Amino acid sequence: MFDSDVHDAFAHLNSAQHDAVAFGDGPLLILAGAGTGKTTTLAARVARLVADGVDPQRILLLTFTRRAAGEMLSRARRMVAATGAPASTGKVMGGTFHAIANRLLRRYADRIGLATDFGLLDAADAADLIDLVRDDLEVAKGTSRFPRKATLASIYGRVVNSRVPLKATLESQYPWCAEHTEAIGRVFTGYGQRKRARNLLDYDDLLLFWKVLAEAEGIGDELGGSFDHVLVDEYQDTNALQAEIVAALRRTNDNVTVVGDDAQAVYGFRAASVRNILDFPQTFPGTRIVRLEQSYRSTQPILDTANALVAEMAQTKDNPEFRKSLFSDRLDGPQPRLHTCHDEDDQSARVCDAVLDRREQGTPLVQQAVLFRTSHHADLLELELSRRNIPYVKYGGLKFLEAAHVKDLVALLRLLDNPDDELAWFRILQRLEGIGPGRARVLMEAIGVGEGGVAVAQLGDRVVEAAVHLPAAAERAVVGLAVALGDTAAIDEVAGQVQRLREWYGPVCAQTFEDPIPRMADLQQLEVLAEQSTSRTRFLDDLVLDPPASTGDLAGPPLLDEDYLILSTIHSAKGLEWDTVHLLHAADGMIPSDMSTGDPDEVEEERRLLYVALTRPRHELDVYVPLRYYHQRFGSGDRHSFGQVSRFLQGPVRDTMARVGPRDAERDVPVLAGTAADRVDALLDELW
DNA sequence: GTCGACGAGGTTTTT
DNA sequence: CCTCGTCGAC
Ligand SMILES: Nc1ncnc2c1ncn2[C@@H]1O[C@H](COP(=O)(O)OP(=O)(O)OP(=O)(O)O)[C@@H](O)[C@H]1O
């Protein structure tokens, strides 16, 4: 069936994987546990399709997270190349649902009556716009406090994604906001109108409009017809909307492959539903189901722990006959270790020691990862890593674009790109001396923001005219802005534009913030980022859809040559693997997060999250539990609470692990004295 | 209307 | 820690 190159490329696949790769047309579901080669099989299937003559551009690869999308695409493209596809072969089309939605809408939106030059809103923009509406409606004036803008934005996203009406969503997920149901509803209506009037799309709109596009008469069929095959990785993390998009894309043919693991569903909080993958055979009658059980990633001792955890999942207990046990050929290897640490500092110290030790033994830092539930769980470790000069790159929880000064510069670029962008104007004008919300509104009115009539060329004049009635200092500031915008508009390269705007922003920054120097350095990094973009619109789109995700994205190429440790949230580690994994804070209240212990479904999701973490390593797994958490680190005394080993790591799961206690009971005091002495020494060292 | 000072409060995970 | 709202001075 395959020619020889192709055969070689697929030679290592096992027979179930092979079946999935060779499977012809029609719906295919690969339902399998962690590390069984789901993504590998998906990539091989793409390569097989291309080898059989399918045009790569007529294959669409989708997944939810950016990191999984990157992994999926690069593996698929490598596989296609390995099967001996000529270099002229086009690239497979693929990415996150949101990125593809953007790409398709930029091309076809006019077919459903939407202008193709829509602006994109990221989460913070959406929150800001909601805030504007909230102010206008004077809804927050009441007696009891109204939800904050970020909370409103997350409620909005949840309602739209799950399609559970506002009232029910508030009652179940945000009970403390339920008393404002009516007012929140009005804010959301206003937010929707505002977006439509200004031609703005938020993340959810991208999916909603894609769905409408895909379901539309005419263009919908055309669009679906332009893809011979649609393949979706991590399908358990899709929500109702995404499943509807997939279904709509497959009205004309049912060549659709979805891949996933219901035990790894960890995006329930944004309304992803495992029903999508479990009900897939009903949605697509005639579905061929392939199950994979052999793990090629982890050793058997690690799988024993993972299997014990799966056995305790509610979904397994409800359907014991579906219980999947993973197995490996690699029977040997260290037993996973459960380390109880004296406190968080002890945890950090042990992780650093272990990481360096493994490196001595030949495992480079990039093959080691430290995973954690939430970004700030790594704070103390980051301090210790810096102190010991261990380079690292952290994924998840990066706040680069949320920083006020970065948002300011982005706003400047945006209003050049779209002079009708009221959010950008409102933000920037208020940075000028003597201008607050009131005058900003008046100025915007005078400039004609939002009326669709401002051309970038006449922008400068309009702005200057609008400023004549202001106090002298404010007028001067506005004129300065107009000049900078005029200069910038004449520059071709985005990076050059950032540079010019940065020049103007310097004094504003110095006036606005106590610490302008590091902030201006961030803007230098933004300029480096801009160098990779071909156009301003592309750059602005990327900042919303593919923003820097790691400290490494910002550090630039020099760092990439070096060896560095990986730090990542568990969510961002989905689908990836390392030789050694260290899991921090496996304490109750951390995993499960004490914000998620409210209802049983949330607790189950936390258990699945732990499963994702435990199934990342190839050889070695170390899990850490600090026994003490200090509340006020610099306060008086040693006020602390005791950490408990996570409820998920009790009983049978725990029995599969080797237990490593606090270093020695009797060293408790010396250890404390030691760290104190280290700190004093470190302080003094800086003086010599 | 603007701006600085002050104090209270909230605080995941991703697109 | 950062953000949000309030209050008084200009
Ligand atoms: N048949 C095979 N022979 C040898 N190695 C394999 C085989 N199939 C997959 N692998 C290897 O197993 C590892 C895990 O594969 P992959 O990442 O595709 O698993 P996955 O099921 O997608 O995992 P996850 O559930 O974590 O997303 C990879 O290193 C891959 O190269």
Side-chain angles (χ1 to χ4, degrees), chain A residues 62-69 95-102 120-128 131 134-135 140-141 145-151 153-154 157-158 160-161 176 201-207 210 234 237-239 241-242 265-272 371-377 379 395-399 401-404 429-443 470-471 473-474 511-514 541-547 549 568-574 585 589-597 602 605-606 608-610 612-613 633:
Chain A
L62 293 168
T63 192
F64 171 57
T65 65
R66 294 188 287 136
R67 226 165 155 204
T96 63
F97 276 91
H98 291 85
I100 298 298
N102 181 54
L120 293 177
L121 300 174
D122 68 15
D125 301 326
D128 286 344
D131 208 36
R134 197 185 70 156
D135 282 352
K141 290 270 197 264
R145 50 184 210 290
F146 203 71
R148 326 167 29 149
K149 62 180 180 181
T151 311
S154 72
R158 194 170 181 110
V160 172
N161 280 290
W176 64 95
L201 301 188
D202 60 25
Y203 288 125
D204 303 322
D205 290 328
L206 282 171
L207 299 184
W210 187 9
E234 307 281 9
D237 288 328
T238 56
N239 61 29
L241 199 45
Q242 290 159 327
V266 293
Y267 284 99
F269 70 90
R270 60 165 294 290
L371 305 183
F372 32 84
R373 168 72 241 257
T374 69
S375 186
H376 70 258
H377 283 173
D379 289 352
Y395 290 84
L398 193 67
K399 289 187 307 199
L401 289 174
E402 264 91 279
L429 290 172
Q430 289 183 84
R431 285 282 176 252
L432 305 179
E433 203 184 332
I435 298 179
R439 282 179 192 149
R441 277 180 217 274
V442 172
L443 275 167
L470 294 176
Q511 218 208 344
T512 314
F513 304 105
E514 304 252 311
D541 277 5
D542 280 352
L543 287 178
V544 174
L545 295 172
D546 195 21
S568 176
T569 59
I570 301 173
H571 283 91
S572 292
K574 265 299 258 327
H585 292 292
M590 301 293 171
I591 311 177
S593 160
D594 50 18
M595 327 214 58
S596 302
T597 47
E602 284 176 322
E605 179 150 317
E606 299 280 311
R608 293 191 294 267
L609 203 51
L610 178 62
V612 170
R633 292 189 59 74

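This one's a predicted model, so the numbers in the text were calculated from it and none came from an experiment.
A donor-acceptor pair under 3.5 Å is absent between the side-chain atoms of A:His585 and the main chain of A:Met590, judged by distance alone.
Judged by closest nucleotide on DNA chain B, A:Val442 is the one of A:Glu606 and A:Val442 placed further toward the 5' end. Annotation: of the two residues near DNA chain B, A:Ala99 and A:Gly438, the 5′-most nearest-nucleotide partner is A:Gly438.
A:Arg66 pairs by the side-chain hydrogen bond (donor to acceptor under 3.5 Å, both in side chains) definition with A:Asp546, not counting sequence neighbours. Checked against salt bridge (Lys or Arg N to Asp or Glu O under 4.0 Å), A:Asp128 has the following partners two or more places apart in sequence or in another chain: A:Lys149. Annotation: salt bridge (Lys or Arg N to Asp or Glu O under 4.0 Å) contacts of A:Arg431 (sequence neighbours excluded): A:Asp408. Residues passing the side-chain hydrogen bond (donor to acceptor under 3.5 Å, both in side chains) test with A:Glu606 are A:Arg373, A:Ser596, sequence neighbours excluded. The salt bridge (Lys or Arg N to Asp or Glu O under 4.0 Å) check on A:Asp205 picks up A:Lys195, A:Arg196, with sequence neighbours excluded. Judged as a side-chain hydrogen bond (donor to acceptor under 3.5 Å, both in side chains), and not counting sequence neighbours, A:Arg148 has no contacts. With sequence neighbours excluded, the residues satisfying salt bridge (Lys or Arg N to Asp or Glu O under 4.0 Å) with A:Glu605 are A:Arg608.
At the heavy-atom level, A:Arg270 lies under 4.0 Å from base atoms of the strands shown. When heavy atoms are screened at a 4.0 angstrom cut-off, A:Ile435 is found touching the sugar-phosphate backbone but no base atom. A:Tyr267 comes within contact range of the sugar-phosphate backbone alone, with a heavy-atom separation under 4.0 Å but no base atom that close. Using a 4.0 Å heavy-atom distance criterion, A:Glu605 is classed as making no nucleic acid contact.
Read 5' to 3', the first and last nucleotides of DNA chain B with an atom closer than 4.0 Å to a heavy atom of chain A are B:dG1 to B:dT15.
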Tabulated below should be each protein N or O lying under 3.5 Å from an N or O of nucleotides 2-4 of chain C; please produce it.
none

